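If you're wondering where the values come from, they're calculated on a predicted model, not measured in any experiment. Along the sequence shown, the residues carry numbers beginning at 1.
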Amino acid sequence: HCEYHTRFQPANRECTACSRTLIGEFSGREINWGASLYRVREFVGGGGMGEVYRAIEQNQAGTYEREVAIKFNKNVMDRDIVKRFELEMQILGMLQSPHNVNVLTNGELYDERATGMQVTAQFMVMELLKGGELFKRLTVDSEHGRFTEADALHATKQMVSAVSYLHSRNIVHRDLKLENFVYRAPKGTPGGDDLVLIDFGLSVRYEEVSRGSRDGLMHDIVGSSYYI
């Protein structure tokens with residue numbers, strides 16, 4: 001991990017120590033929120049609905065710290081994306097399942113300007129998942145014979161359980177794919193076989209989407225194009 005990529009450059013995504021593309025525009029920022037200080041580190045991933053970074057959470061006294069993930073939405077002028085981000089936070093706050101990512105807190109970043117305080121980004125703080133995508137275990141790891149039939153059975157049960165729980169709460173994910181199932185911890189460590197469903201940026205509550213439908217069903221075409 002090249003010392004967790006502690007050498008940051010602004011406005012690019014290349015680590016000065018190892019040349020891996022992990023630096024984002026929020027890297028190196030410090031966020032004071034509530035009783036915590038969040039030190040934003042490397043870029044983890046993201047897309048049109050937000051960017052995710054690894055961060056260090058500390059209490060104000062500096063006597064406690066842990067690793068977390070922070071998802072940012074910088075498209076605050078796009079009302080559709082803002083609403084989707086807010087809905088994602090609401091939906092994640094409703095979930096209490098071991099197969100869904102835990103959200104710790106959320107808030108907004110501000111910039112003081114002549115016209116007053118202006119929101120520059122939304123964010124939510126979540127648990128940091130360190131085990132990698134299911135896609136990687138099925139492809140890269142399986143080449144070395146490390147994804148067994150028993151692994152497949154355990155993964156499938158957890159995937160079905162995660163989706164079943166959402167449907168029991170009238171929530172539809174709408175972007176199910178191998179990349180959105182992530183292991184809580186590296187293989188061979190505690191939590192290394194625990195799958196978590198992530199990225200609820202396209203998720204909706206069924207009753208709100210189907211309410212205006214003539215037949216009570218959902219007809220929108222959404223998701224990742226190479227999985228549809």
Stepwise side chain to side chain contact (heavy atoms under 4.5 Å, CB included) test for Val125 and Asn106:
CA-CA 6 Å; Val125 182; Asn106 63 79; over 6 Å; no
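- Listed by first and then second residue, the ring-ring contact (aromatic ring centres under 6.0 Å, His included) pairs involving residues 55-107 are Phe26-Phe72, Tyr53-Phe72 (not counting sequence neighbours).
- Considering only heavy atoms from C-beta on, Leu176 comes within 4.5 Å of Leu197 through its side chain.
- In this structure Thr156 satisfies the side chain to side chain contact (heavy atoms under 4.5 Å, CB included) test together with Val160, sequence neighbours excluded.
- Taking the side chain as every heavy atom from C-beta outward, Arg84 and Leu202 approach each other to under 4.5 Å.
- In the hydrophobic cluster analysis, where Ile, Leu, Val, Met, Phe, Trp and Tyr join through side-chain heavy atoms closer than 4.5 angstrom, Leu138 is grouped together with Val182.
- In this structure, Asp78 contributes its side chain and Ile81 its backbone to a donor-acceptor pair below 3.5 Å.
- For the pair Met126/Leu104, no side-chain contact is recorded, criterion being any heavy-atom separation below 4.5 Å from C-beta on.
- One finds the OG atom of Ser27 at 9.0 Å from the CZ atom of Arg41 (value rounded to the nearest 0.5 Å).
- Leu87 has its side chain within reach of Gln90: a pair of non-hydrogen atoms, C-beta onward, lies under 4.5 Å apart.
- Both Leu92 and Leu129 are part of a single hydrophobic cluster, where members link through side-chain heavy atoms under 4.5 Å apart.
- A donor-acceptor pair under 3.5 Å is formed between the side chain of His173 and the backbone N or O of Ile198.
- By the side chain to side chain contact (heavy atoms under 4.5 Å, CB included) test, Asp193 pairs with Arg137, His154, Lys187, sequence neighbours left out.
- Partners of Glu30 by salt bridge (Lys or Arg N to Asp or Glu O under 4.0 Å), not counting sequence neighbours, listed by chain and number: Arg39.
- Between Glu25 atom CD and Phe43 atom CZ the span is 10.0 Å, to the nearest 0.5 Å.
- Note on residues 85-99: pairs passing salt bridge (charged side-chain N to carboxylate O under 4.0 Å, His left out), not counting sequence neighbours, are Lys71-Glu88.
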With side chain to side chain contact (heavy atoms under 4.5 Å, CB included) as the test, would you mind laying out the steps for Ile56 and Glu67 before giving the verdict?
CA-CA 5 Å; Ile56 304 298; Glu67 290 183 296; 3.8 Å; yes
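- At distances below 3.5 Å, at least one donor-acceptor pair connects side-chain atoms of Asn180 with backbone N or O atoms of Asp175.
- Shown here are the side chain to side chain contact (heavy atoms under 4.5 Å, CB included) partners of Ala150, two or more places apart in sequence or in another chain: Thr148.
- For the side chain to side chain contact (heavy atoms under 4.5 Å, CB included) test, residues two or more places apart in sequence or in another chain that qualify with Glu179 are Glu133, Phe135, Lys177, Tyr226, Tyr227.
- By the side chain to side chain donor-acceptor pair (under 3.5 Å) test, Glu127 pairs with Asn102, Arg184, sequence neighbours left out.
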Can I get a per-line list of side-chain donor-acceptor pairs under 3.5 Å for residues 161-170, giving both atom names and the distance, sequence neighbours left out?
from	atom 1	to	atom 2	distance (Å)
Tyr165	OH	Gln96	N	2.8
Tyr165	OH	Arg169	NH1	3.1
Ser168	OG	Tyr165	O	2.6
Arg169	NH1	Met94	O	3.0

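- Proximity of Ile70 to Tyr38: side-chain heavy atoms (C-beta onward) are separated by under 4.5 Å at one or more points.
- Under a 3.5 Å cut-off, the side chain of Glu108 and the backbone N or O of Val119 do not form any donor-acceptor pair.
- In terms of the side chain to side chain donor-acceptor pair (under 3.5 Å) criterion, residue partners of Asn59 (sequence neighbours excluded) are, by chain and number, Thr63.
- Judged as a ring pair (Phe, Tyr, Trp, His ring centres under 6.0 Å), and not counting sequence neighbours, Tyr183 has no contacts.
- Distance alone, capped at 3.5 Å, is enough to place a donor-acceptor pair between the Thr189 side chain and the Pro186 backbone.
- Atom CE of Met89 is separated from atom CZ of Phe123 by 9.5 Å, given to the nearest 0.5 angstrom.
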Passes side chain to side chain contact (heavy atoms under 4.5 Å, CB included), Ile91 versus Arg205? Steps please.
CA-CA 8 Å; Ile91 288 176; Arg205 288 189 285 266; 4.2 Å; yes
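- Between Val52 and Arg54, the closest side-chain pair of non-hydrogen atoms is not below 4.5 Å.
- With contacts defined as side-chain heavy-atom distances shorter than 4.5 Å, the pair Ile31/Leu37 does not qualify.
- By the side chain to side chain donor-acceptor pair (under 3.5 Å) test, Ser203 pairs with no residue at all, sequence neighbours left out.
- Closest heavy-atom contact between Pro190 and Ala185: O-CB, 3.2 Å.
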Would you sort out whether Leu195 and Leu134 count as a side chain to side chain contact (heavy atoms under 4.5 Å, CB included), showing the intermediate values?
CA-CA 8 Å; Leu195 265 181; Leu134 174 60; 4.3 Å; yes
